[in-house]
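Read through the structure below, which is laid out as structure tokens, and then see the notes.
Residues take their numbers from the sequence shown, with the count starting at 1.
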Amino acid sequence: ESIFSRGNRGTGTMIVTAAGCLLVAAPVAVAFVASPSPLTRTETVVRGIDVNAWDYTWERQSPSIPLPKDVDEESGPQPFTITQAQKDVLERDGVVHIPGALSAEWLEHLRALTDHQVDHPHVWASPGVASGLYDYIQRNIWTTNDGFMKFLYHSPVASILAQLGGASESVRLTTDLLMVNPNKGFKWHQDNQNGPISFDDALRWWVTMDDTPRDYGAPVYLRGSQHNECVDEDAVFVDVGDGDLPKYRSDLLEFRPKAGDMIVWHARTIHKIDGPESQDWGRAKRRVLGGTVAIDNAKYIDKQKVEFADMGRHALKDGDLLEDPHFPKLWPKFDPQEKVARLDRGSVGRSLPGFTRMLAAMFSFKTMQQFNSWGNVLKVGPKDESTSKAPEPSSSTESSTSQQQQKTAQASA
């Protein structure tokens, strides 16, 4: 599978500019030429990873990493029990911590996939790596790496999301994101790159492969902020002193997940993560696979703005049911025809029609609003924030429903 379709590839650069705002650049394939011969790797290295796009892998990857034993590749996701208390926490707080979402076997499997990916980077990771924001970051990795596709088909992740989202018909993936070491952190924001679905249909998730370091890297959420009435749907970074956000900023939830734990939240819930002051994780690691799913009969929404998760070769129109191999069904079981389409060379993944669709939305008002918000990162002093650490999970009935959550040291932004 090539970058766009059978054997066609090339590079280009996309730059979106809004006055006084962050420039965002990403390489995109625009030339239709045969794949060149493999190139000698250069010394274009950032934090140990080559950032020369011509040296990256362009093809679909299928690492020889076996699934955990006893996994039937014809079956759906493995079961996992979610309690009513955990569902209630998500509804009330806008976020819930699920300890032990991955067994030891699934955890080692996902680590092996991730380490292999970092060692064999795909070209779609090049902009994020070159930025230095992450040691490695790649969106929609399920479309380029068969191992991540199988992980989403068979691991307990989709079972957990189905229960927390109250699914009765289906859970579909709208985007995923592999992230390794957020060197600069990510200040207060909402997630709005969720694919072509509404906020009401979106459920965010994040599973970590490493314990949280002692001094940084803990995700922090504004409890209940999914109910805020001031953050526009096109905003990314927010000022927590604006609108009705001050009523949430005094009650923060800080999570310190361990390897194999999962965090699930509403897409509108405001949150942040602080990286190390040195902007280098050193010997520590934060390997995370996250993304967004659509619950039940979600509809395809033409948001009239750039959606990096929506660059596939599909014919969906605004208002259509989100039923297409580019947004694969994960629960209660994968769709066999969608799986065939995914494995068929060039049928699923980024495409010229998808790139054209994104380009058409590049300079829309909503896109400008979205990128303009990147300049609105507010650094709040320690005296302005107090953090509630989520209670330590019990062995089998963990929830964030402790009656009195202990106030901890004030968080610094």
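Using modelled atom types and a 3.5 Å distance limit, the side chains of N194 and T175 yield no donor-acceptor pair. With no hydrogens or angles considered, no side-chain donor-acceptor pair links S103 and Q78 at under 3.5 Å. For D191 and H271, the side-chain atoms include at least one donor-acceptor pair closer than 3.5 Å. With 3.5 Å as the limit, one finds no donor-acceptor pair spanning the side chains of S225 and N228.
Under the ring pair (Phe, Tyr, Trp, His ring centres under 6.0 Å) criterion, H227 pairs with no residue, sequence neighbours left out. Residues that satisfy the ring pair (Phe, Tyr, Trp, His ring centres under 6.0 Å) test with Y248, not counting sequence neighbours, are absent from this structure.
Across every non-hydrogen atom of K272 and K187, the tightest pair is CB-C, 3.6 Å.
The environment of Q84 atom CD is dense: over 12 non-hydrogen atoms of other residues, nucleotides or ligands sit within 6.0 angstrom.
Residues in residues 161-173 take part in these salt bridge (Lys or Arg N to Asp or Glu O under 4.0 Å) pairs, two or more places apart or across chains: R172-E338.
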Check the pair E105 / K69 against salt bridge (charged side-chain N to carboxylate O under 4.0 Å, His left out), numbers first and verdict last.
CA-CA 8 Å; E105 292 78 13; K69 60 182 180 181; 5.6 Å; no

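Aromatic rings of W124 and Y56 (six-membered ring for Trp) have centroids beyond the 6.0 Å cut-off, not under it.
Put simply, the side chain of D201 never gets that close to the backbone of A294: no donor and acceptor are under 3.5 Å apart. Between the side chain of Q163 and the main chain of T81, no donor-acceptor pair closer than 3.5 Å is present.
Screening V89, V95, L161, V157 for a side chain to side chain contact (heavy atoms under 4.5 Å, CB included) with V264, the sole residue that qualifies is L161.
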